[in-house]
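Proteins get letters first, then strands, A, B, ... in listed order; numbering begins at 1 in each.
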There are 2 protein chains.
Amino acid sequence: MASRPSLRSCENCPIRHNAVCAECDASELAVLERTKSYRTVPAGSPLATAGEPLEYLSSLVEGCATMSRTLEDGRRQTVGLLLPSDFIGRPGRKTSAYDIEAVSDVTLCRFERRTFERLVRETPHIATRMLTMTLDELDAARDWAVVLGRMTAREKVASFFVSLARRHATGSGQDQPARSVTLHLPLSREAMADHLGLTIETTSRQVTALRKDGLIEVPSAREVRIPDFERLALEAGEDDDGGLIA
Amino acid sequence: MASRPSLRSCENCPIRHNAVCAECDASELAVLERTKSYRTVPAGSPLATAGEPLEYLSSLVEGCATMSRTLEDGRRQTVGLLLPSDFIGRPGRKTSAYDIEAVSDVTLCRFERRTFERLVRETPHIATRMLTMTLDELDAARDWAVVLGRMTAREKVASFFVSLARRHATGSGQDQPARSVTLHLPLSREAMADHLGLTIETTSRQVTALRKDGLIEVPSAREVRIPDFERLALEAGEDDDGGLIA
DNA sequence: CGGTAGTTTGAGCCTCGTCAAGCTCCGTGG
DNA sequence: CCACGGAGCTTGACGAGGCTCAAACTACCG
């Protein structure tokens with residue numbers, strides 16, 4: 001959680017090979033190092049507000065944030081879970097379409113919006129990486145729509161743990177989660193509920209049910225151990241290839 | 001529905017200014033004209049199958065298609081409604097992530113996948129347009145997640161008509177639907193239900209309810225007239241700016 | 001030890017899904 | 001001209017899954 005000693009150098013950056021800069025060569029990195037700036041914000045702070053100007057575009061370096069929209073009557077839906085290497089903001093747009101909130105202490109690698117827009121225009125390696133990342137996010141958003149639209153509460157909760165385990169694995173360079181994994185939950189039950197389109201009570205009940213069925217262990221409210229990943233993935237409505245069951 | 005007489009020329013193409021080619025200049029269009037080919041497919045035909053190779057990337061020129069995923073037990077969720085100017089397929093990926101099905105007779109402007117990938121690499125105007133369109137689709141997918149996760153059946157159906165009216169308006173060059181609009185529904189009740197994460201029965205009941213409340217008129221099962229767009233938008237959980245109520 | 005935020009559990013209700021029947025629209029054929 | 005049949009849509013009755021309201025439990029912190 002603490003900042004790395006030499007965060008200023010792109011070479012040692014923890015998200016060097018996954019973020020928007022992933023395809024950049026040494027000379028392009030040099031340009032980025034001149035224009036970037038870091039900012040850390042404590043858990044609970046807003047990083048952006050729906051409809052409000054967003055002056056900086058950034059990569060999330062450390063921590064976790066949620067992207068959500070809240071309706072007048074208080075209903076809230078999280079539309080994206082932001083983890084290290086994820087990009088925040090949209091080049092070419094002055095305002096944020098969503099509320100973005102740090103759910104843990106967060107470190108950002110920021111670029112002034114106009115500067116970054118120029119970088120996208122003039123650096124093909126950034127433009128192509130940006131496109132690839134956006135296409136990946138689009139697939140993820142559509143996959144999540146299947147969860148929101150068609151899955152039961154139990155499947156939703158199982159799907160959430162499965163996707164967290166997957167991102168944890170790819171984040172640490174594996175391409176498949178190990179058979180058994182222990183996850184730290186970045187989200188409270190309430191934030192999980194907002195992500196899953198459920199109430200906090202239903203979410204909690206389903207966590208309990210999965211635990212009683214031996215599909216997960218819950219050492220503390222913010223930790224989940226998955227003893228058999230494949231079995232949980234099946235519970236989430238997937239086949240063993242990791243695709244949704246055809 | 002019938003093909004335009006001179007569809008071969010990009011200049012008169014109905015989606016010239018909205019599709020992936022929108023930013024191209026005359027010389028770039030000339031390249032596209034050499035490599036593109038048209039294909040028409042009848043309503044009900046598959047354009048792609050989840051997990052199967054997709055040889056051609058294309059722009060939808062005329063008609064309507066759905067992008068969906070079906071679970072083993074038959075539950076289906078539509079994750080995108082494809083209308084003229086929408087892009088089909090993902091450069092850099094050999095297979096389709098979703099089932100894509102023509103729901104009306106469809107005309108496609110196609111490019112062989114490898115050819116198009118080269119075009120994206122070598123034509124900045126295509127790459128930037130591709131990025132803009134993908135970012136727009138991402139926003140649309142996230143907005144739809146709010147509908148799927150947090151809206152009631154009534155709000156879902158109202159939201160669908162509202163978004164159809166908006167796309168109808170922007171497709172015909174306005175930026176706001178007129179106060180009263182008549183829509184042809186491209187989707188059957190079943191396809192609507194799959195898009196909304198509802199059953200066909202609930203969808204039908206909510207259409208009836210909106211009609212009885214005077215929010216819509218239903219001259220035939222495939223037509224909807226919206227007498228007061230603002231009033232329907234409010235029913236869909238939006239404020240008068242077209243954003244979701246803050 | 002008391003206070004508070006987060007979580008879990010319980011009881012009852014409501015919305016939406018399920019199952020089933022009936023209706024409308026059309027095309028076909030007697 | 002009407003009987004027939006099928007697909008798509010609507011309507012009804014009923015039940016279940018998830019939401020609401022409420023209370024109790026836990027962990028953490030002053």
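- The environment of B:R211 atom CZ is dense: over 12 non-hydrogen atoms of other residues, nucleotides or ligands sit within 6.0 angstrom.
- Atom pair B:K212:NZ and D:dT10:P shows a separation of 11 Å (rounding to whole Å applied).
- More than 12 heavy atoms of other residues, nucleotides or ligands sit less than 6.0 Å from atom CZ of B:R222.
- Atom CD of B:E190 and atom C1' of C:dT18 are 15 Å apart (whole Å).
- B:S204 comes within 4.0 angstrom of a nucleotide base, judged by non-hydrogen atoms across all strands.
- Separating the CZ atom of A:R211 from the P atom of C:dT9 is a distance of 6 Å, rounded to the nearest angstrom.
- In this structure, the CD1 atom of B:I200 is 14 Å from the C1' atom of C:dC19, given to the nearest Å.
- In this structure, B:D99 does not pair ionically with B:R76, as no charged nitrogen and carboxylate oxygen lie closer than 4.0 Å.
- Rounded to an integer number of Å, the gap from CZ of A:R222 to C1' of C:dT8 is 15 Å.
- Taking the six-membered ring where the residue is Trp, A:H195 and A:W144 present parallel rings, their angle staying beneath 30° rather than reaching 60°.
- Atom CG of A:L187 and atom P of C:dT7 are 10 Å apart (whole Å).
- The local environment of CZ in B:R225 is crowded, with over 12 non-hydrogen atoms from other residues, nucleotides or ligands closer than 6.0 Å.
- The distance from atom CZ of B:R189 to atom C1' of C:dC16 is 18 Å, rounded to the nearest whole Å.
- Straight-line distance from the CD atom of B:E223 to the C1' atom of D:dG8: 16 Å, rounded to whole Å.
- A:S204 places no side-chain N or O within 3.5 Å of a backbone atom of A:I200 that could act as its donor or acceptor partner.
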Given protein heavy atoms under 4.0 Å, the one-letter contact record of nucleotides 18-30 of chain D, with B base, S sugar-phosphate only and - none, is simply SBBB---------
